[in-house]
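First the structure, in the form of structure tokens, and then the observations on it.
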Amino acid sequence: MTVYAIIGGTGLTQLEGLHIEAELQIDTPYGAPSAPVLRGSYAGREVLFLARHGHPHRIPPHQVNYRANLWALKQAGAEAIIAVNAVGGIHAQMPAGHFCVPDQIIDYSYGREHTYFAGELEHVTHVDFSYPYDEPLRAKLLAALQAQGCSFSDFGVYGCTQGPRLETAAEIVRMQRDGCDIVGMTGMPEALLARELELPYGCLALVVNPAAGKSDELITMTEIERVLAQGMDKVKATLAQVLAG
Ligand code: HPA
């Protein structure tokens, strides 16, 4: 059975219901991961868990050591990655509380250590990244969302911005023109690094606010946290369903 690693984002720094068997402090050639990798069982199945922003939540998106995180998970035995991400909704049919399992990415981030293929190399490597997300994993996430009766979209282009600030309304207009449906700050380089390590990668994105300029209200952390808190039970149930399947 595939060993899944769950990378928990904002709102999911710990996985309630995870029966922890080991807390692995893993050092990597790229430094320390955001937190110890937790190994345990969830929904009756062996699973790994890592809090992307640390536990407690303290590492901003542009300072996450994505290379160490993915490396540590692979070292701990991960065979596939389920990333959980809080995002802003750009697409009109992706309001707060809605889920999206994106099928594409556009990367607007910069200055992040984004590849393992750097430094002293024996040969230059270009990985294929035409389809950044693993289709079988996407199908499992979608089936689980359906089974949980969640409101979700089975498509979506994830636009990854640098953060930690939110976007301007004009940036969101541009991103929409580019074809982005959701916006977040952590989708990249995480997805690419998983690909470089040959780990199938899928993303369960929860929309926690309308993107900048998409509603009459300003975006507040209070509102984001309220939607996150409401959605987390569904996230956990969806993860449990994927693992049980
Ligand atoms: N923009 C970028 N990242 C986000 C947002 C947003 O509106 N909401 C949650 N993460």
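All ligand and atom numbering here is 1-based and tracks the order in the structure.
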- Query: Considering only heavy atoms from C-beta outward, does the side chain of Gln14 approach that of His55 to under 4.5 Å?
  - Reply: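 Yes, at least one pair of side-chain atoms sits under 4.5 Å.
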To which protein heavy atom is [atom] closest, and what is the distance rounded to 0.1 Å?
| atom | value |
| --- | --- |
| atom 5 (C) of ligand 1 | Gly88 N, 3.4 Å |
| atom 10 (N) of ligand 1 | Ala86 O, 3.3 Å |
| atom 4 (C) of ligand 1 | Val183 O, 3.6 Å |

- With heavy atoms under 4.0 Å as the rule, classify the contact between Thr10 and ligand 1 as side chain, backbone, both or neither.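 Contact part for Thr10 vs ligand 1: neither.
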- Under-4.0 Å heavy-atom contact with ligand 1, by part of Leu166 that carries it: side chain
- Does Asn209 reach ligand 1 with a nitrogen or oxygen that is under 3.5 Å from one of the ligand's nitrogen or oxygen atoms? yes
- Any chance the side chains of Gln162 and Arg112 put a donor and an acceptor closer than 3.5 Å? yes
Assess whether a salt bridge exists between [X] and [Y], defined as any Lys/Arg side-chain N lying under 4.0 Å from an Asp/Glu carboxylate O.
| X | Y | answer |
| --- | --- | --- |
| Glu190 | Arg52 | yes |
| Glu171 | Arg165 | yes |
| Arg226 | Glu223 | yes |

- Task: Evaluate the criterion ring pair (Phe, Tyr, Trp, His ring centres under 6.0 Å) for residue pair Tyr4 and Tyr42; output intermediate values, then yes/no.
- Result: CA-CA 11 Å; Tyr4 286 104; Tyr42 188 68; over 10 Å; no
- Check ligand 1 against Gly184 and write out every atom of the ligand that is under 4.0 Å from a heavy-atom position of the residue.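 In order of number, 2 (C), 3 (N).
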- Task: Check each atom of ligand 1 against the heavy atoms of Glu167 and keep those under 4.0 Å away; list them by number with element.
- Result: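 Checking each atom against Glu167, I get 1 (N), 2 (C), 6 (C), 7 (O).
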